[in-house]
Amino acid sequence: MTTNTKPRITIVGYGSQGRAHALNLRDSGFDVTIGLRPGGPTELKAKADGFTVKTPADAVKGAELVAVLTPDMVQPQLYRDVIEANIPQGATLLFAHGFNVHYGQITPRADLDVVLVAPKGPGALVRREYEIGRGVPAIYAVHQDCSGKAEQTALTYCAGIGGARQNAIRTTFKEETETDLFGEQAVLCGGATKLVQAGWETLVEAGYQPEVAYYECLHELKLIVDLFYEGGITRMHEFISETAQYGALTRGTYIVDEHTKAQMKKVLAEIQDGTFAKQWIAEYAAGNANYKALKQGDLDHPIETTGKKLRAAMPWLQQPATKPAATAAKQREEATA
Ligand code: NAD
Ligand code: MG
């Protein structure tokens, strides 16, 4: 990298994170080029947003910093086939998740600086928070520092996407990868989904109306999570009734008990020893049959039918904060079709 304080950036991938980073960096004064496969599903969107779009190889050639923001499972081949031969000597290679470097799927060329900037939120939120002058917290790490300036580069990028407005915390590729996977599996996505479904099923199987069960077990979760977000569990206790507090304090551990915690440790162990990564890489390589079937199970769960009906009567909910993730998934299917 040059001493220029604002490196010329190429972003490969224009999905959830790619679009948010690109728009924020441009608004922060960076020169941003997008690298995409010609005719790929997000090319038109990037052009409509006013970006110069080149093939990944051409886009990478002119860059001082290359942000790899394609799905994790396509990154190793993309690195081997396109990035390695085209990224300039001494450039910075940046990831938003440490998976491929940490699990040895990508071994970056020795002359590159290799950094991680991981916003702790979906792309749509990264963009929206930036637009209203705030930011999503980000964590950053340095894997390889040839120039002696890799940390500074990561922090410059962090600031450019708005992440440094919230305290950017230094981490390692290992810590980011393992905690990110644990969070999404045990608590945020896996744990929360199964908790909601099991709660709803329990009420419906006991003869209560599915609609009432939906409000109780899914819809109202947002109100609680908003209180967590603003002021932690302390704030929740300030806002809920004494009866709710007493019930929560005496019954919460019926649900999340020592067994649940032992299972969480198992989830973590499989992340740490590489079992999960190996399984996911094999699943992807074999065509995702099991992944697709399990996902269909979530989509076909009866709570989705109840929810769809109820949400139709709540039109103010129809501007979802996280639309790009769903759009990107659809685009992925189109791209691989
Ligand atoms: P995404 O699926 O939303 O976007 C993928 C983009 O890559 C699309 O523009 C697609 O057309 C393009 N693409 C796919 N294959 C390609 C190829 N071979 N060559 C060039 N472009 C290709 O991806 P995402 O969810 O934004 O994830 C990107 C990275 O960000 C991943 O490393 C992920 O772990 C990380 N991350 C994601 C989130 C999130 O909220 N989605 C949060 C933090 C970190
Ligand atoms: Mg993740």
Side-chain angles (χ1 to χ4, degrees), residues 10-24 33-49 51 53-60 66-83 86 93-103 105-106 115-129 136-141 157-158 161 163 171 173 175-190 271 276-277 280 284 288 320-337:
T10 282
I11 294 181
V12 187
Y14 202 71
S16 174
Q17 291 294 324
R19 179 166 190 262
H21 291 209
L23 292 169
N24 291 3
T33 300
I34 311 297
L36 286 171
R37 295 159 299 173
T42 46
E43 189 189 3
L44 288 178
K45 187 155 204 192
K47 284 184 175 160
D49 287 338
F51 285 104
V53 180
K54 298 182 178 173
T55 64
D58 284 340
V60 164
V66 173
V68 187
L69 299 180
T70 68
D72 295 305
M73 288 301 116
V74 311
Q75 291 176 11
Q77 196 188 346
L78 180 72
Y79 180 78
R80 270 196 310 275
D81 293 354
V82 176
I83 297 175
N86 291 296
L93 188 63
L94 179 144
F95 295 91
H97 180 34
F99 190 98
N100 286 304
V101 170
H102 177 62
Y103 290 116
Q105 303 303 299
I106 294 177
V115 302
L116 168 81
V117 172
K120 295 284 99 187
L125 201 61
V126 172
R127 179 58 182 160
R128 198 165 34 140
E129 287 288 299
V136 167
I139 61 177
Y140 72 97
Y157 189 97
C158 246
I161 61 169
T171 182
F173 273 60
E175 182 178 65
E176 185 278 334
T177 303
E178 294 176 353
T179 54
D180 186 77
L181 294 173
F182 178 80
E184 66 203 18
Q185 292 175 21
V187 181
L188 304 174
C189 310
I271 291 167
F276 171 76
W280 172 216
Y284 190 87
N288 282 332
T322 50
K323 203 169 178 185
T327 312
K330 193 167 162 281
Q331 285 158 345
R332 258 198 305 275
E333 274 157 31
E334 285 163 9
T336 51

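Note that ligands are numbered from 1 as they come in the structure, with each ligand's atoms numbered from 1 the same way.
The heavy-atom pair separating T177 from H97 by the smallest distance is CA-CE1, 3.9 Å.
Among P71, A67, G13, the residue whose heavy atom lies nearest to atom 5 (C) of ligand 1 is P71. When D81, N100, D72 are checked for heavy-atom proximity to atom 32 (O) of ligand 1, D72 turns out nearest.
H102 and E176 share no side-chain donor-acceptor pair at under 3.5 Å. Judged by distance alone, the side chains of Y14 and D49 do bring a donor and an acceptor atom under 3.5 Å apart.
Residue-ligand proximity, H97 to ligand 1, at heavy-atom distances under 4.0 Å covers atoms 32 (O), 34 (O). The distance from ligand 1 to the heavy atoms of V74 drops below 4.0 Å at these ligand atoms: 15 (N). Close contacts between ligand 1 and P41 involve ligand atoms 11 (O) [criterion: under 4.0 Å to a heavy atom]. Short contacts between ligand 1 and Y14, defined as distances under 4.0 Å to a heavy atom of the residue, involve ligand atoms 6 (C), 8 (C), 9 (O). Which parts of ligand 1 touch A96 is read off a 4.0 Å heavy-atom cut-off, strictly below it: atoms 30 (O), 35 (C), 44 (C).
Between F99 atom CZ and F276 atom CZ the span is 6.0 Å, to the nearest 0.5 Å.
The aromatic rings of Y284 and W280 stand perpendicular to each other, their planes meeting at an angle above 60°, with 30° marking the opposite boundary.
Remark: distances from the non-hydrogen atoms of G40 to ligand 1 are all 4.0 Å or more. Using a 4.0 Å cutoff on heavy atoms, R19 does not count as a contact of ligand 1.
Considering backbone and side-chain N/O of T42, one or more are found under 3.5 Å from N/O of ligand 1.
Remark: side-chain polar atoms of N24 are paired, donor with acceptor, to backbone N or O of V126 under 3.5 angstrom. Of the possible polar contacts, one joining the E43 side chain to the G39 backbone as a donor-acceptor pair under 3.5 Å is found. Between the side chain of Q75 and the backbone N or O of T70, at least one donor-acceptor pair lies under 3.5 Å. In this structure, the side chain of T42 does not engage the main chain of K45 through any donor-acceptor pair within 3.5 Å.
Neither the backbone nor the side chain of Q77 comes within 4.0 Å of ligand 1, counting heavy atoms alone. For L78, every heavy-atom contact with ligand 1 shorter than 4.0 Å involves the side chain, none the backbone.
Residues I34 and K47 are not in side-chain contact: their nearest non-hydrogen atoms beyond the backbone lie 4.5 Å or more apart. At a threshold of 4.5 Å between non-hydrogen side-chain atoms, the residues L93 and Y79 count as touching.
Of the residues D180, I139, T179, the one that meets the side chain to side chain contact (heavy atoms under 4.5 Å, CB included) test with T171 is I139.
For the Mg ion (ligand 2), the nearby protein N/O/S atoms, meaning those under 2.8 Å, are D180 OD2, E184 OE1.
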